[in-house]
Amino acid sequence: MAVNVDTAKRPGRGDGSGASRLGRRIFFGAMLLYFCVPMVAVLIYSVATRWTAHILPDGYTLSWWQATLSDPRIQSSFVTSIELATLTAIIDIAVVVPAAYWSRVRNVRIRHVVEVAAGIPFALPYVVIAFGLMQFSGVVAPQYQGTFPLLVMGHAAIAFPFVYWAVDGAMSAAGIERLSETAEACGASPLQIIRRVVLPNISSGLVTGGLLSFAASFGEFSMAQIIGRSLDTVPLWSAEMIRSYTDTAGAYNRLAVVTLLTFVLLFVLSAVVVYWNRGQTVRLLPGAGVSTGGDRR
């Protein structure tokens with residue numbers, strides 16, 4: 001008995017498929033509104049003269065942007081926060097890559113120790129970690145209390161898990177154990193293996209972990225409040241603007257400007273990470289690769 005293929009109903013093309021597409025569109029539209037509406041409100045507030053009685057501001061001005069961008073203290077806060085976040089990411093990557101590689105390839109028994117160390121910042125409040133660092137530095141090196149280097153070490157400690165899980169996941173996806181054994185059989189030293197085999201194959205994890213570490217350090221407040229109280233960072237400046245709202249004209253408007261600048265900075269870095277991770281390859285040997293991300297078009 002012949003079956004007309006043209007008139008046969010194909011699976012997945014009935015009414016259920018259209019309802020599923022509509023549901024997805026509604027869901028993603030709701031998520032878009034959820035994320036965009038607050039940022040649009042912040043943007044409007046940053047250019048509002050007064051916004052008290054209507055759904056839209058009474059007037060618009062760029063004076064808050066001019067005052068914020070020309071404020072030397074805000075400029076110093078951004079420079080300090082960027083330096084702090086960048087050093088935090090560099091230190092964490094420099095520590096995590098050898099630790100994760102060693103725990104996977106050289107000494108599997110210490111892997112549980114490294115994983116427990118990565119979980120400590122999630123188990124302890126940042127305030128407790130900050131007070132612990134203050135107590136420890138007061139005994140060992142009291143001259144570093146309240147200084148920038150101690151704050152960097154504190155931020156590196158709390159951002160360590162973000163870098164570790166990103167790098168460890170990239171190593172697992174690349175099969176670093178097998179690649180390391182192959183390179184070692186070819187006569188490569190441990191340093192050569194890390195430099196020419198491990199790092200090229202976990203570049204996506206390094207970039208992702210570095211971004212997470214940067215973002216966690218840039219927006220961290222409690223540790224900066226306890227350890228680096230004499231320093232100017234963006235979170236400390238923002239907290240001061242909130243406290244001085246009744247004394248400083250346009251405090252919330254300027255705070256909206258700083259919030260938008262922070263969002264734009266982190267959004268651009270996130271976009272760079274997404275672009276970087278497209279079409280990443282697994283390099284079995286230098287010069288040879290197997291694509292893991294599909295065509296780049």
Side-chain angles (χ1 to χ4, degrees), residues 42 46 67-69 71-96 117-166 209-245 247-248 251-270:
V42 172
S46 69
T68 303
L69 296 178
D71 188 341
R73 187 181 174 190
I74 296 178
Q75 296 172 3
S76 174
S77 298
F78 266 96
V79 170
T80 302
S81 293
I82 291 175
E83 290 177 349
L84 179 62
T86 302
L87 287 175
T88 298
I90 292 173
I91 291 174
D92 278 333
I93 289 175
V95 172
V96 164
I120 289 177
F122 291 130
L124 293 177
Y126 291 170
V127 175
V128 175
I129 298 176
F131 275 114
L133 284 174
M134 289 290 287
Q135 292 291 332
F136 179 77
S137 62
V139 175
V140 177
Q143 67 273 18
Y144 286 105
Q145 287 199 321
T147 61
F148 185 80
L150 184 62
L151 186 57
V152 171
M153 298 307 297
H155 278 208
I158 63 176
F160 173 81
F162 302 106
V163 182
Y164 175 75
W165 295 119
L211 172 64
L212 293 173
S213 175
F214 185 95
S217 174
F218 193 93
E220 206 287 318
F221 168 74
S222 57
M223 186 162 289
Q225 174 73 14
I226 296 172
I227 295 180
R229 195 175 262 189
S230 61
L231 303 172
D232 269 336
T233 64
V234 172
L236 292 180
W237 179 89
S238 301
E240 184 175 332
M241 285 295 101
I242 294 174
R243 287 194 297 264
S244 63
Y245 170 65
D247 301 326
T248 305
Y252 278 14
N253 302 86
R254 298 173 66 191
L255 184 59
V257 174
V258 172
T259 301
L260 276 175
L261 292 175
T262 302
F263 171 78
V264 170
L265 173 64
L266 297 180
F267 180 82
V268 169
L269 290 177
S270 301

Taking [X] for its side chain and [Y] for its backbone only, find out whether a donor-acceptor pair lies under 3.5 Å.
| X | Y | value |
| --- | --- | --- |
| T259 | L255 | yes |
| S217 | S213 | no |
| S137 | L133 | yes |

Count the heavy atoms belonging to other residues, nucleotides or ligands that lie under 6.0 Å from [atom1] of [X], then report whether that count exceeds 12.
| X | atom1 | result |
| --- | --- | --- |
| M134 | CE | yes |
| F267 | CZ | no |
| Y144 | OH | no |
| Q75 | CD | yes |

Can you give me the closest heavy-atom contact between [X] and [Y], atom names plus distance?
| X | Y | value |
| --- | --- | --- |
| V234 | S81 | N-OG, 2.9 Å |
| V96 | Y164 | CG1-CA, 3.6 Å |
| D92 | H155 | OD2-O, 4.5 Å |
| M241 | Y252 | O-CE1, 4.3 Å |
| L151 | A224 | CD1-CA, 3.8 Å |
| I226 | V127 | CD1-CG1, 3.7 Å |

Worksheet entry | 4.5 Å side-chain heavy-atom contact, L84 and E220 |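 No, their side chains stay 4.5 Å or more apart.
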Worksheet item: Is the ring centre of F162 less than 6.0 Å from the ring centre of F122?
Response: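 Yes, the ring of F162 comes within the 6.0 Å limit of the ring of F122, centre to centre.
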Practice prompt. Applying side-chain contact (heavy atoms from CB on, under 4.5 Å), run through Y126 and Q225 and close with a yes or a no.
Written response: CA-CA 11 Å; Y126 291 170; Q225 174 73 14; over 6 Å; no
Fill in: side-chain contact (heavy atoms from CB on, under 4.5 Å) assessment of F218 paired with T88
CA-CA 9 Å; F218 193 93; T88 298; over 6 Å; no
